[in-house]
Protein chains: 2
Amino acid sequence: MTLQQLRYLLAIADSGLNITAASERLYTSQPGISKQLKLLEQELKVQLFTRKGKSLVDITPAGSDVIARARKIMLEVQNIRSLASDLSGEEEGTLSIATTHTQARYVLPEIIKNFRDRYPKVNLELHQGTSEQIAELVTNNVVDFAIATGSRNLFPELVLLPGFHWDRIVLVPKNHELARMDGQLNLPMLANYPLVTYVFSLTGESSFKNAFAVQGLEPDVVFTARDADIIKTYVLMGIGVGIVAGLAYEQGDKENFVALSAEDLFPRCTTWIGFRRDSVLRGYMVDFISLFASYLTPELTREAAVLGSQGEIDALFSDITVPTRGGCGQEDV
Amino acid sequence: MTLQQLRYLLAIADSGLNITAASERLYTSQPGISKQLKLLEQELKVQLFTRKGKSLVDITPAGSDVIARARKIMLEVQNIRSLASDLSGEEEGTLSIATTHTQARYVLPEIIKNFRDRYPKVNLELHQGTSEQIAELVTNNVVDFAIATGSRNLFPELVLLPGFHWDRIVLVPKNHELARMDGQLNLPMLANYPLVTYVFSLTGESSFKNAFAVQGLEPDVVFTARDADIIKTYVLMGIGVGIVAGLAYEQGDKENFVALSAEDLFPRCTTWIGFRRDSVLRGYMVDFISLFASYLTPELTREAAVLGSQGEIDALFSDITVPTRGGCGQEDV
DNA sequence: CGCGTTTACGTCGTTCGTAACGATA
DNA sequence: TATCGTTACGAACGACGTAAACGCG
């Protein structure tokens with residue numbers, strides 16, 4: 001058994017049991033992989049794949065077990081490489097982040113700019129997707145960090161650190177009647193207007209609709225989109241009243257919109273950053289986290305990383321004030 | 001990085017940082033190990049050991065981290081080998097057990113006889129030691145099973161399955177006055193005699209002395225030994241009254257001793273069998289467990305093995321009757 | 001001077017890539 | 001016939017073992 005053989009094995013499994021594809025992914029020859037797989041099966045005296053003719057058509061039970069353990073092994077190999085590279089003072093490597101549109105568009109740009117200045121040799125990868133896609137990327141170990149909001153239950157085996165809180169805002173065109181409104185906005189008023197807001201994720205749905213439901217209201221959602229830019233576009237067209245993350249309100253929006261605080265109408269949201277509990281955090285990774293939320297010092301992050309359960313981590317943060325970002329755009333850049 | 005290199009690394013660490021010793025342990029040449037270590041350090045760009053001249057004198061922090069992860073890797077490699085060998089129907093391998101004297105002497109012989117009949121090609125290793133030594137053997141992964149009594153807290157990361165309960169007995173020579181006693185034995189009576197019993201382990205001490213302490217008594221322990229045979233010898237010499245495991249009472253003892261039940265005097269003990277949660281159980285291993293305690297069927301064992309915490313395992317056994325062995329020697333062979 | 005490690009070197013085995021072949025749809 | 005996997009073969013690399021040199025106590 002060789003690390004190579006396990007690497008090849010995983011590549012085959014991750015390439016849809018196509019050995020040629022695996023060879024291309026690994027920049028090596030196809031017969032080499034074929035042969036190593038055969039050698040591995042020979043040594044273990046177990047068929048790892050079922051064959052139809054010469055093609056691999058399925059993974060045997062033994063195969064899936066071996067593959068699962070091979071993954072664990074390769075993860076530890078990666079960890080050894082990471083920590084060694086870190087301890088030898090190298091400031092290069094890859095930082096892979098999976099995140100949602102809002103974070104990628106309104107939060108991360110400045111953070112990433114600072115990070116690149118500090119670590120010019122670190123290769124940055126940014127994957128944008130839904131919560132479910134992020135969960136998949138992070139469990140498959142293709143990204144180092146997940147940055148998302150809500151739906152913590154999608155990420156059971158991650159260490160989740162709260163980054164900051166934020167509230168929703170209500171966006172209307174300047175000539176809208178709500179723009180001239182005096183006094184406090186409330187949910188019954190909002191329920192009278194057609195609304196434009198985010199696509200409900202499987203888990204996030206509750207917090208928005210529930211806010212109306214507890215007051216016996218049914219919101220009239222006429223349009224949903226994945227990102228605030230599209231919502232703004234349609235709000236500007238007069239389709240409806242926009243409800244977006246306060247983070248999404250930018251300087252230039254003042255010309256077209258009036259933003260009304262909705263922090264009393266909907267529960268406050270938390271953007272957190274998560275990473276696999278069993279992975280080594282390189283120096284630049286904890287630094288990234290502190291750039292992401294300055295109160296998350298390297299010490300605090302490493303302290304949380306060694307804790308066993310999310311419960312303990314939450315307890316660690318229970319007596320720490322998590323900052324709030326955004327709002328009606330006054331303080332957010 | 002190679003599995004070989006990691007294997008060599010662990011051998012060095014386990015040989016007191018003596019490369020020559022490591023080479024002998026692995027039946028290979030010493031320069032080979034030297035070279036691979038150098039290559040590994042070169043690839044990781046980290047010193048894994050501190051050197052004094054040419055000798056290795058200590059493990060660097062980086063080294064201990066790498067070693068820890070290498071152990072995890074080699075463990076998974078072993079697991080892959082085990083399950084593959086098992087699935088390919090091989091009934092050979094090694095079964096390594098660490099246990100105490102009482103189990104090794106009075107319980108295991110018959111079990112092992114049956115096991116050897118069933119699996120003649122499996123190599124059996126039996127390590128005898130104190131609870132602390134057993135704990136060390138099992139955490140260092142040199143044995144597959146630990147079979148012991150009490151002191152469960154010494155084995156936090158093991159899956160512990162209750163095998164059977166047993167009680168202590170009081171052993172006196174035939175001509176002793178207690179042998180002619182009518183009625184029930186009690187602790188105040190025992191406290192009047194010099195006692196001979198087991199060496200108190202760090203954790204087991206409480207259950208024996210506490211039984212006296214709660215009645216405000218102080219036992220007069222004149223002699224302690226690791227095994228019942230020695231206790232019997234001294235009891236026969238008239239040194240004192242013996243208190244041993246019921247398991248230790250054999251047919252031949254009837255000629256010399258009178259055994260009095262002590263099951264109402266001391267708390268009942270449980271002998272359990274434990275194995276590392278993260279290790280693969282080969283077919284012959286679960287069969288051994290069912291030989292050890294017939295009610296521990298392969299299904300039950302495998303069910304317990306996948307549970308996350310000892311609490312869940314204990315819950316699994318809460319509604320199962322664990323058998324009792326020994327007693328005053330009537331039913332024990 | 002013994003013990004342990006490193007260096008040097010020759011041999012052997014293994015891996016890898018190219019090319020040709022085979023099977024399957 | 002196109003796609004994918006296996007076989008065959010030669011070249012290159014790497015691992016291993018022996019022998020000798022080096023450093024340290």
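Naming convention: chains lettered A, B, ... in sequence-line order (proteins, then strands); numbering from 1 in each chain.
Atom OG of A:S82 sits about 5.5 Å away from atom CZ of A:R282, to the nearest 0.5 Å. Here the straight-line distance linking atom CG of B:L87 with atom CG of A:L44 works out to 10.0 Å at 0.5 Å rounding.
By the 6.0 Å contact criterion, CZ on B:R51 is enclosed, its count of non-hydrogen atoms from other residues, nucleotides or ligands being greater than 12. The neighbour count for A:R116 CZ, taken as heavy atoms of other residues, nucleotides or ligands under 6.0 Å away, does not exceed 12.
Minimum interatomic distance between A:A98 and A:I134 (heavy atoms only, all atoms of both residues): CB-CG2, 3.8 Å. Shortest non-hydrogen contact noted between B:K45 and A:S88 is O-CB, 3.0 Å.
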*Let me see the working for B:D229 and B:R105 under salt bridge (Lys or Arg N to Asp or Glu O under 4.0 Å), right down to the final yes or no.*
CA-CA 9 Å; B:D229 292 323; B:R105 169 78 173 73; 3.0 Å; yes
*salt bridge (Lys or Arg N to Asp or Glu O under 4.0 Å) between B:R69 and A:E76: does it pass, once the steps are laid out?*
CA-CA 6 Å; B:R69 292 175 194 283; A:E76 283 302 334; 3.2 Å; yes
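Heavy atoms of B:Y8 sit under 4.0 angstrom from primed sugar atoms or phosphate atoms, though from no base atom. At a threshold of 4.0 angstrom between heavy atoms, the contacts of A:Q4 are confined to the sugar-phosphate backbone, with no base atom among them. Residue A:T20 is classed as a sugar-phosphate contact, given heavy-atom separations below 4.0 Å to backbone atoms only. When heavy atoms are screened at a 4.0 angstrom cut-off, B:K38 is found touching the sugar-phosphate backbone but no base atom.
Taking the nucleotide of DNA chain C with the nearest heavy atom to each of A:T28 and B:S34, the more 5' of the two is matched to B:S34. Both B:A21 and B:K35 lie close to DNA chain C; mapped to their nearest nucleotides by heavy-atom distance, the more 5′-ward contact belongs to B:A21.
To the nearest angstrom, P of D:dC4 lies 13 Å from CG of A:L17. Going from atom CG of B:L56 over to atom P of D:dC24 covers 14 Å, rounded to whole Å. In this structure, B:Q36 atom CD and D:dC16 atom C1' are separated by 9 Å, rounded to whole Å. Across the protein-nucleic acid pair, B:I33 atom CD1 and D:dC16 atom P stand 9 Å apart, rounded to whole Å. In this structure, B:L39 atom CG and D:dC13 atom C1' are separated by 13 Å, rounded to whole Å. Atom CG in B:L26 sits about 10 Å away from atom P in D:dC16, given to the nearest Å. The CG-P distance, from B:L37 to D:dA15, rounds to 13 Å in whole Å. Per the geometry, CD belonging to B:E43 stands 12 Å off P belonging to D:dG14, to the nearest Å.
Side-chain proximity of A:P31 to D:dC16, D:dG23, D:dT7: nearest is D:dT7.
The aromatic rings of B:F288 and B:F292 lie parallel to each other, their planes meeting at an angle below 30°, with 60° marking the opposite boundary.
You can see that DNA chain C meets the heavy atoms of chain A within a 4.0 Å-exclusive cut from C:dT15 to C:dA25, reading 5' to 3'.
An end-to-end axis angle of 30° holds for the helix from C:dC1-D:dG25 to C:dA25-D:dT1, taken from five base pairs per end and rounded to 10°.
The closest side-chain donor-acceptor pair between B:E125 and B:S96 falls under 3.5 angstrom.
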